[in-house]
Structure formats: C-alpha cells, structure tokens
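Report on the structure given below.
Naming convention: chains lettered A, B, ... in sequence-line order (proteins, then strands); numbering from 1 in each chain. Values reported hereafter were calculated over all heavy atoms of this structure, with side chains retained and with hydrogens, waters and symmetry mates removed. Everything numeric in this text was worked out from a predicted model, so none of it was measured.
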Amino acid sequence: MSIITLDKETYYSKEYSLSKMTTEEYIRDPRFQLIGFSYQIDDGKPTWITGSDKYMAEHLHSLELEKHTLIAQNSLFDASIMSWHYGIHPKFIIDTMSMAAPIQSITKGKSLDALARHFKLGVKGKEVVAAMGKRREDFTPEELARYGGYCDNDVALTYALFNTLREYSTPQEMYVIDMFLRLYTDPILVLNKPLLEQHLVNVVERKEALLAKVEAIVGKDGLMSNPKFAAVLQKLGVVPPTKISKSTGKETFAFAKTDAPMKELLAHPDDRVQAVVAARMGVKSTLEETRTRNFIAMAVRGTLPIALNYYGAHTGRASGAESMNLQNLPRGGTLRQAIEAPPGYKVIACDSSQIEARVVAWLAGQEDLLEAFRNKVDIYSSFASDVYGYEVNKSMTDQRFVGKTAILGLGFQMGWKRFAEQVKSMSGIVISEADAKRVVNLYRSKYYRISELWDAADTAMKIVVAGGTAEFGVGIKLIWASEGVHLPNGMIVRYPGLRYDAEYESFVYDDRYGKRNRIYAGKIIENVVQALARIIVFYQTCKIDKQLRKYDKPQSRFKIVLSVHDEAVTVAPAKAAEKVKEMMVKTMSQPPVWAPDLPVACEAEIGANYGECK
DNA sequence: ATGCATCGCGCG
DNA sequence: AAAGCGCGCGATGCAT
C-alpha cells in the first residue's frame, strides 16, 4: 500500500469561493471545476496534471486510491471532491490539518503556511498566477505550468508535514480522523425535504403570531437588542432586571429565558408585559429557522454530509463546523426527525450513560459510588434519598432532578449558589441557601475522595508552575509535566503558559487563541475527565466502525454515520438493525484496557430517523 | 464594509 | 477563598 499526497486547484471567483460558502455548497455547485492537481507517491516527486475533464478523471482513477492512503492538507475538501465528483473512495484518509489540531496552541494555527513555517519545512509559495474568476480554458499553457509548480510545492510541503506530525499523533487517533472525514465525504443520512418545508412554514408563522401581538408596543425591532428591549420594559413601567456578567464581571441585563426575573415577568399582572416577554423569548433563538433553511437548501443538493472538527475542544472533543453544527440540534424537535436513514434502513443510536460522573468517580477512587454504578443503582434517586432523608424513587421527579444535578455538576467543584440557580432555572424548583449548602457539603463529604482529587490536582498544578513534574489520580496515575496532563492514549491536555496571574488573582493559561483563561482544581478535573470520557467513547466508536466496515467497502453504509460526544450513530438494513444494536451495546459496555475496573454502561435505540432514537 | 467582543441559546 | 466544564452560530454594538 502506497501513500499518495495530493492537492487540487479549482475554479473560484469573487462570489463563488470557500470564503463565501460552505465546502459542501462549493463542491456541489454547478460552477465547480477542477483546474488541475498535483500528486506524489510515497517519497517520489510531485507530478502536476491538467487537461480535459476526461483526461484528469482517468488519471485520478488510475491512481487506484481504493488500495492506497490519501494525504492532503484539509482532506475534507480534496476527499469530498474525489467522492462526490469522481466516485473515488481512498482506502484510508489522512488529513494534516486535523493532525495539527491537538498542537494548535504550539504551532499558532493549522494552515499549511503556518505549519510549514513553524516546523521549518519550507515556504508555501505565493500564488503565481491570477486565478480569481478564471476557468481552466482561460489559462495560457504557461500560466497552467506555473500554477502546477505552486501546487507541486504544496504537495511536497504536505508530505513533509505529515512525516513531522506523525510523532504527535497515534494510529488510534488517525483512525478517528479518517472516521470523521468519512462522515462528510461519504454521507449516508437523508434529509426529509417536505417535512422541513412544512416545518419552516410553522416556525415562521409561530414567530409572526408572537410579533403581531406586540408590534404596537415594541415596534419593528424592539425585541432582539438588549438596550431596546430594556426601553420597552421601562415604557411599560417595569424596571429591567439586571445581573452580573460571568465573562466581564460587570452589570448586564438579565434577559435570558433562564434568568429568574424574566420568568417571573411571564406572570406579570400587566398582560402587555407578559406578551412582550413571551415574544422576546420566542424570537431570541434563530436556530430553528436558520437551520431549517440550511437543511432545505442542502436537501436540494443531496444527502447530509456531517462536518465535525476532529479535536475541536481543548479536551479533544469534536466540535461542529460548516454553519451546520450537528451536535446541538434541539432534542425532540423536527430537525432531528428530518434526518433519516436511507430507504430500507434504520438509524441506531447508542449513548454512553453518565460517562463523566463515572469517570470522575473512577479517577478519584470513590469506591462506594463506583460500586453503585456497577450494581446499576439509580444513582440520582439514591443521592436524592440521602439529601431528603427518605427513599426517593424514579417517580419523584423533583427530588430526583435535584439528585441528578448534584451528581452531574458537584463533582467538578460547583458551588451552592450555582447549584441552586441551575436547579431552579432547569426545573423551577426553589432551594434555600441553607439547603443548597447542605446538599453541596453532603456531596463533598459523602464522596470525599472526589474532593481529595481536586486537592491533588491543585497541588500538582502548583508543582508544575514551580518547574516540577507531578502526578494525580487514583484509578490511574496521570503525569502532569510542563506542557500538560498526559493521558493514557498518548494525548495531552495542554496548559500553555501556565502561571499565576496577579491581575486575575488566579492561575491562568493561554488558550488556543492566546486568550488568558482561569484554571483551578475543579476545572482541571473537569477538563481531564472530559478528555478521558472522549477517549473512551471515541475508542468504542472506532471499534463499532471497524466491525461494521468488515461487511462492506469503505464507502458503504456500514459505518458510523454520526458522533455526538457520548453518542455513536449507525445505520443498518432494517432486518439487521437489532443485531447491529446488540453489537453496539456490547462494544459500548466495555471499558478500555487502561481502566478495566471502570463501570461503563450505555443505552441504544432504533428508529426510522435520528429523532426517533431518543 | 469588516473585525472583535459579548450575550443568548442549542447540545453534550 | 472559592470557583461545574466543553463547544458553534447568530445577533448586536462598537471600533477600525
């Protein structure tokens, strides 16, 4: 098997370019045109190919990528063209841009230019021909040759970059990258266009009805802007509620729908106030409408390619992309329902249960909590029983919700104020200051090993700041050296520029974008736990993918079709759905080799569409 | 016009 | 001393 490094040059103009539209829109556009491409086999010299569409297509097919590995800088682009325009599906896809993502804070960006300069691999050529607005026919042979030289240089740099980045990645992570790219290059899920069109009508009508009720009071644009909305409230004799901003520490309006004073205004004696507040809440999120419009536009073009940044978060979690974040679709909504399996197939989704709560208990060595998870105890009810002093069961939703919020948040040093606030905003349950403090203290004393884990992380951080190397963790010992916390799969949670900051009166580090970021015990533990949970779920997801791919070729429907943090989604022929579900449950019930005593569990559902799998 | 910071809101 | 965390997108307001 060879490694083929490749780069394509394609037509673009002022309006038709990747800076004006998504990759999917650009590649599926009728204006799309391949101008030429360079490729290099293993350590060989780059070759530039240009000519008629037929000639280039034949040359691409002659590379037999089905048997080889493709490398590109931003393979999302090159591999999608390969798949959507030429029906070529490489055996394995490597993307140097994705490989660079975990070390972005070191390389200061992940463009080919930035990476080549950082690693001193050479210089990315400046564009040698004016290509803007020119189709292939418009170039002179001499211009095309110069274009080829530029493209050859990019290919050589990309291959050198791959060899450099190898030592920062692992085979397992490369599999994850390939799997994520294929969510996009070989899309399987289908959008239900009629359903989306009807939904758009409903959403627009609902919004118009809300606005019609209050237009006389607020005018055309008094709802979205905070200062304007404040003026509207004042006009109605209401003092606009305020709060302290979490990001700036300054006073700001408390106009979010989770802000308690806003909720109270929904029951204001003046009907006009009620209507205005309800309208603001109903209009503030534009997600439903904009996403529906984007889905419809995409449905016209084809199936749903899923764009996820592999390693988008500081902790390695994936993040959304392409104006189409598929990790935050409203639960129980039409958008999820509109994502369907192809005809004759079913969607199967499998969720890892309370993975972070389990990992923090395991990392801390909190044996009683681990034992409860092992025995499949309903841990939310169980902790709520301790809080209330009587037996809480699943039917006691309020008490259980308090237990759930405690189990999911208090392991990361959440305080009593935030706890009470969160419970109230999510469920309406009011907890007194004394009770909130009691719950927090109960958690910290009952699960004292978790509090001790925070202390251990705090100590470790101070040792590292003083120039040393430290370790923390009971379930597994994690080494914290200068660059960050080393994880059992070879990856690192990085804290560049870790130091004490007098102005912030706190320890800080510089995030990916160079911004100062506070860091403290509970947050370190949360970061590390999130990173470990991600490693576990991604490992399980890859294992599911590998088992499915055995049944067909790489471009087949037998593969992972979506991943959302603690969830893996596949499609399977209706007849095989139960079997595939069993395989997924079995796979996601197994802990990784480095945590054999970690009790993991999962839940799976089968449906005709993604919405039915919840 | 364009970039940047902030807020709100959707998810895990 | 104590502090739940991690994202992306759209809208707004302000600076350039």
Within residues 312-325 of chain A, find the residues that approach DNA chain C with a heavy atom at under 4.0 Å, and present them sorted by residue number. A:Ala313, A:His314, A:Arg317, A:Ser319, A:Gly320, A:Ala321, A:Glu322, A:Ser323, A:Met324, A:Asn325
OP1 or OP2 of C:dA3 less than 4.0 angstrom from a side-chain nitrogen or oxygen of A:Arg444, does that happen here? yes
For A:Gln422 and A:Thr405, test the side chains for any donor-to-acceptor distance below 3.5 angstrom and give the result as yes or no. no
Check every strand shown and say whether A:Gln422 touches a base, only sugar-phosphate, or nothing at a heavy-atom separation below 4.0 Å. base
Any side-chain N or O of A:Lys243 less than 4.0 Å from the OP1 or OP2 oxygen of B:dG8? yes
Ion pair check, A:Glu603 and A:Lys614, cut-off under 4.0 Å: no
Using a 5.5 Å cut-off between ring centres and planes within 30 degrees, is A:Tyr520 stacked on the base of C:dA3? yes
Do the side-chain N and O atoms of A:Arg291 and A:Asn328 include a donor-acceptor pair separated by under 3.5 angstrom? yes
Base-paired stems in DNA chain C, each at least three Watson-Crick or G-U pairs under 3.5 Å: B:1-12 with C:5-16
Any chance the side chains of A:Asn527 and A:Arg494 put a donor and an acceptor closer than 3.5 Å? no
Picking from A:Ile525, A:Val600, A:Leu598, what satisfies side-chain contact (heavy atoms from CB on, under 4.5 Å) with A:Val359? A:Leu598
Exercise: do A:Tyr310 and A:Glu173 side chains pair donor with acceptor under 3.5 Å: yes
Check the phosphate of B:dC9 against A:Thr286, side-chain N and O only, distance under 4.0 Å to OP1 or OP2. Yes or no? no
Ignoring backbone atoms, establish whether A:Arg291 has a side-chain N or O less than 4.0 Å from OP1 or OP2 of C:dG8. no
Is there a side-chain contact between A:Tyr495 and A:Met461, using heavy atoms and a 4.5 Å cut-off? no
Separation of atom CZ in A:Phe229 from atom P in B:dG8, rounded to whole Å: 12 Å
Looking at B:dC7, I'd like to know if its phosphate oxygens (OP1 or OP2) sit under 4.0 Å from a side-chain N or O belonging to A:Arg280. no
By the 4.0 Å heavy-atom rule, please label A:Arg518 as base, sugar-phosphate, or nothing. nothing
Assign A:Glu356 to base, sugar-phosphate, or nothing according to its heavy-atom contacts below 4.0 angstrom with the strands shown. base
Does A:Asn328 place a side-chain N or O at less than 4.0 Å from the phosphate oxygens OP1/OP2 of C:dC7? no
NZ/NE/NH1/NH2 to OD/OE distance under 4.0 Å, A:Lys257 and A:Glu264: no
Pull out every protein N or O sitting under 3.5 Å from an N or O of nucleotides 13-16 of chain C, one pair per line with the distance.
{"residue": "C:dG13", "atom": "OP1", "partner": "A:Ser225", "partner atom": "OG", "Å": "2.5"}

Assess whether side-chain hydrogen bond (donor to acceptor under 3.5 Å, both in side chains) is satisfied between A:Gln337 and A:Asn609, documenting all intermediate values. CA-CA 6 Å; A:Gln337 274 179 48; A:Asn609 60 61; 5.4 Å; no
Just by distance, no angles: are the side chains of A:His199 and A:Glu288 close enough, under 3.5 Å, to form a donor-acceptor pair? yes
